[in-house]
Number of protein chains: 2
Amino acid sequence: MKISSQEEYGLRCLVQLANLRDGESLTLPQIAEREGISAANAGKLMWLLNKAGFVHSTRGTKGGYFLSRPAEDIRLSEIIKVLDEDVMNKHCDSYTGVLDSCVHNGDCGIRPVIVGLHEIVENALSRITLAQLVGTESSVDTMFHKIQGIHRIIEPQRV
Amino acid sequence: MKISSQEEYGLRCLVQLANLRDGESLTLPQIAEREGISAANAGKLMWLLNKAGFVHSTRGTKGGYFLSRPAEDIRLSEIIKVLDEDVMNKHCDSYTGVLDSCVHNGDCGIRPVIVGLHEIVENALSRITLAQLVGTESSVDTMFHKIQGIHRIIEPQRV
DNA sequence: TTCAATCTTGACTAAAAAGTAATGATTTGT
DNA sequence: ACAAATCATTACTTTTTAGTCAAGATTGAA
């Protein structure tokens with residue numbers, strides 16, 4: 001269970017945009033350089049994010065990308081859903097209740113695990129907004145503090 | 001964020017073995033047929049699981065695979081760790097505290113998310129044992145009930 | 001002892017994901 | 001109008017993951 005490259009870098013790019021001030025924007029080469037990827041690669045990611053409505057872009061000189069809505073309103077769960085469309089599709093459609101479409105009908109001990117995992121991850125990511133990821137402190141201390149913070153946000157209440 | 005094929009089918013194979021009675025075992029063709037994969041593929045998975053100590057095998061006629069310890073003692077977190085070694089390695093070693101080895105030093109807003117996700121998944125999987133996945137009910141009702149059960153197990157307490 | 005069933009292992013092939021390149025379209029400034 | 005900067009889109013290449021195959025080793029039974 002891991003985060004795909006597309007998920008990771010798509011998210012990173014959005015964080016870059018979330019760090020901008022009002023009216024500012026970033027070009028593909030700028031985004032690419034800040035994240036250590038090629039401009040072509042960044043272009044592909046931004047294309048996806050644009051299609052999905054997270055960012056707007058303007059072409060020509062002085063063009064670039066910027067968030068299309070406030071970072072406070074963008075939840076990580078939405079982003080991930082776009083960057084990795086088939087999170088769940090792949091593992092039996094029974095997630096949606098349609099048991100017949102899964103090869104493992106009648107003999108699938110692990111379906112509850114897959115569904116359960118999907119749900120806790122989705123739940124955790126829905127509690128974090130882009131705005132909560134701004135800032136670029138790098139010391140072990142601040143990073144540790146931040147991890148604790150996210151962790152507090154992430155942990156769901158017991159039912 | 002998704003479960004890899006290796007994780008999924010490795011786990012499925014172990015569930016098959018967990019369903020056996022004492023003294024029984026399953027051959028590769030048997031495992032393969034039950035999971036809808038090829039015997040060769042099953043062989044590779046079982047090889048990994050054997051190396052990692054989850055199963056024992058006997059060769060020759062009447063040979064096969066069986067769990068090397070009680071299903072109650074095998075936590076899903078251990079299994080997944082073996083089936084997908086580089087769960088976290090990939091995303092910056094800073095997870096281990098060594099910040100210098102990550103390309104994104106000083107500009108990594110998402111590290112807390114990656115670490116946080118890893119932790120809640122690990123935590124969830126460590127609460128489920130193979131024994132809890134035996135049985136093969138397939139009706140929507142029983143499956144739904146099981147999902148709820150796993151969900152209750154999975155959700156961590158609030159800190 | 002010999003044969004058939006079975007696991008073991010490494011090399012090979014196929015499919016999927018990631019990343020690159022190239023061409024075209026739009027905008028701004030002169 | 002023109003040139004430069006920039007995004008948009010599709011096709012292509014590389015890398016990684018998944019899956020197959022075949023030759024070898026071990027065991028049990030006749």
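Every chain is numbered from 1, with letters handed out A, B, ... down the list of sequences.
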Could you give the side-chain donor-acceptor pairs of residues 39-59 of chain A under 3.5 Å, partners two or more places apart or in another chain?
from	atom 1	to	atom 2	distance (Å)
Asn50(A)	ND2	Ser57(A)	OG	3.4
Thr58(A)	OG1	Gly64(A)	N	3.4

Grab the [atom1]-[atom2] distance between [X] and [N] for me, whole Å please.
X	N	atom1	atom2	answer
Leu45(B)	dT17(D)	CG	P	15 Å
Leu48(A)	dT9(D)	CG	P	11 Å
Glu7(A)	dA18(C)	CD	C1'	13 Å
Tyr65(A)	dA5(D)	OH	P	17 Å
Leu49(A)	dA8(D)	CG	C1'	14 Å
Ile3(B)	dT17(D)	CD1	P	17 Å
Met46(A)	dT6(D)	CE	P	15 Å
Leu28(B)	dA5(C)	CG	C1'	12 Å

Expected output: side-chain [X] to main-chain [Y] donor-acceptor under 3.5 Å:
X	Y	answer
Glu35(A)	Ala32(A)	no
Gln30(B)	Thr27(B)	yes
Glu119(A)	Gly116(A)	no
Gln6(B)	Leu83(B)	yes

**Request:** Find out whether Lys2(A) and Met1(B) are in side-chain contact, i.e. whether some heavy atom of one side chain is under 4.5 Å from a heavy atom of the other.
**Result:** no
**Pair listing, side-chain hydrogen bond (donor to acceptor under 3.5 Å, both in side chains) test, anchored in residues 67-80 of chain A, at least two apart** =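 Applying side-chain hydrogen bond (donor to acceptor under 3.5 Å, both in side chains) to every pair that reaches into residues 67-80 of chain A, excluding sequence neighbours, yields Arg69(A)-Glu78(A).
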For [N], does either OP1 or OP2 sit under 4.0 Å from a side-chain N or O belonging to [X]?
X	N	result
Asn50(A)	dA8(D)	yes
Trp47(B)	dT8(C)	no
Ser57(B)	dT8(C)	yes

**Prompt:** For every nucleotide of nucleotides 19-30 of chain C, 5' to 3': is a protein heavy atom under 4.0 Å from its base (B), only from its sugar-phosphate (S), or from neither (-)?
**Reply:** BBB--BBBBB--
**Request:** Name the nucleic acid region contacted by Gly64(B), choosing base, sugar-phosphate or nothing; use a 4.0 angstrom heavy-atom cut-off, strictly under.
**Result:**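 Touches sugar-phosphate only.
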